[in-house]
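Have a look at the structure below, then the notes.
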Amino acid sequence: DAKTTQPPSMDCAEGRAANLPCNHSTISGNEYVYWYRQIHSQGPQYIIHGLKNNETNEMASLIITEDRKSSTLILPHATLRDTAVYYCIVRSPDNTDKLIFGTGTRLQVFP
Amino acid sequence: DVKVTQSSRYLVKRTGEKVFLECVQDMDHENMFWYRQDPGLGLRLIYFSYDVKMKEKGDIPEGYSVSREKKERFSLILESASTNQTSMYLCASSTGGGYGYTFGSGTRLTVV
């Protein structure tokens, strides 16, 4: 699975959009991009995933560049409860379903 | 509500002890995983299992073994605990597809 690079930390004001970048320059054609987040003292929680097209659900939007070498997770109206560590993961659809988490981005939402 | 349950939230063991960390899921998931989490290192995969009695090594299997005798239960075993195995241990199960992971609350193990 391709390696990802994320900034170690980011800040965002409450109510503003939080844009979390991820680089995955070695991604191959069949690898998906997944985002999970981990709120303090809890296990990681799935947010969203995509292959080529932009995706949106009730939690967030995922924007993947045309060359697929980078992506951005967007939380449109960040709240204090969105303070967490966000993990960007690239995974190929083989038959083992394992996810390799990196160190993620620690997002701090402030009032 | 679907659940992954880890038997202990906090555990203190002595160096050299054999330690069992238990994980049970009630979702009939095929896949189960053990991770450890340390400050600055993120989550690292120790072992995973995609079927009963099947196991595969993750990135850091040294010093650990696992057992999966029943579909719902995945045990992590520290044969001889050492202080460098002091960590938060997280168990997860999944349906497959990468998005269906459910994590337990974690076990904070301290080896003294």
Side-chain angles (χ1 to χ4, degrees), chain A residues 1-9 20 22 24 27-28 30-51 55-60 62 64 71 73 84-107, chain B residues 1-6 9-10 21 23-25 27 29-51 54-61 66 68 74 76 87-108:
Chain A
D1 297 333
K3 185 175 171 56
T4 62
T5 304
Q6 299 177 253
S9 63
L20 291 92
C22 179
H24 31 79
I27 193 169
S28 59
N30 67 342
E31 288 182 317
Y32 285 73
V33 179
Y34 296 81
W35 284 83
Y36 277 71
R37 75 179 183 183
Q38 186 176 22
I39 295 170
H40 183 61
S41 299
Q42 299 179 22
Q45 171 194 27
Y46 167 78
I47 301 172
I48 199 166
H49 75 287
L51 180 63
E55 303 287 344
T56 295
N57 63 21
E58 64 278 4
M59 290 181 70
L62 174 60
I64 302 174
S71 60
L73 179 75
V85 177
Y86 288 77
Y87 298 96
C88 169
I89 303 160
V90 169
R91 174 191 165 266
S92 63
D94 62 18
N95 61 358
T96 59
D97 197 40
K98 66 179 182 180
L99 291 179
I100 304 300
F101 291 77
T103 53
T105 295
R106 181 172 296 279
L107 175 69
Chain B
D1 195 17
V2 294
K3 259 189 195 171
V4 174
T5 303
Q6 294 183 230
R9 186 79 171 115
Y10 298 94
L21 301 183
C23 176
V24 177
Q25 51 101 357
M27 296 164 284
H29 285 172
E30 300 291 335
N31 307 315
M32 297 188 74
F33 309 83
W34 275 105
Y35 291 85
R36 65 176 281 178
Q37 185 166 31
D38 302 286
L41 297 176
L43 278 84
R44 293 180 291 166
L45 181 63
I46 305 172
Y47 267 98
F48 63 102
S49 168
Y50 52 88
D51 200 353
M54 304 299 289
K55 61 185 179 184
E56 285 199 24
K57 294 179 181 179
D59 296 327
I60 52 164
V66 290
R68 191 157 180 213
F74 192 36
L76 180 70
S87 186
M88 170 68 85
Y89 290 88
L90 287 158
C91 174
S93 70
S94 80
T95 56
Y99 52 84
Y101 269 51
T102 301
F103 279 83
S105 300
T107 295
R108 185 164 294 282

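When reading the values below, keep in mind they use all heavy atoms of this one structure, side chains included, and skip hydrogens, waters and symmetry mates.
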Considering only heavy atoms, which portion of A/Tyr32 lies under 4.5 Å from any heavy atom of chain B: side chain, backbone, both, or neither?
neither
Can you name the nearest heavy-atom pair linking A/Lys98 to B/Phe33, along with the distance?
CA-CE2, 3.7 Å
Would you give the length of the straight line joining atom OH of A/Tyr46 to atom OG1 of B/Thr102, rounded to the nearest 0.5 angstrom?
12.5 Å
Under 6.0 Å from the CZ atom of A/Arg106, do we count more than 12 heavy atoms belonging to anything else shown?
no
Return the minimal non-hydrogen interatomic distance between B/Leu41 and A/Thr103, and the atom names on each side.
C-CG2, 3.7 Å
Please report the interatomic distance OH(B/Tyr101) to OH(A/Tyr36), rounded to the nearest 0.5 Å.
6.5 Å
With sequence neighbours left out, write down each residue that passes side chain to side chain donor-acceptor pair (under 3.5 Å) with A/Glu55, or none if nothing qualifies.
none
Cut-off 4.5 Å, heavy atoms of chain A, and the answer for B/Gln37 is side chain
Ring pair (Phe, Tyr, Trp, His ring centres under 6.0 Å) with B/Tyr47: which residues, sequence neighbours excluded?
none
Heavy-atom proximity to chain B below 4.5 Å, by part of A/Gln38
side chain
Which answer fits B/Leu43, side chain, backbone, both or neither, if we ask what part of it has an atom under 4.5 Å from a heavy atom of chain A?
both
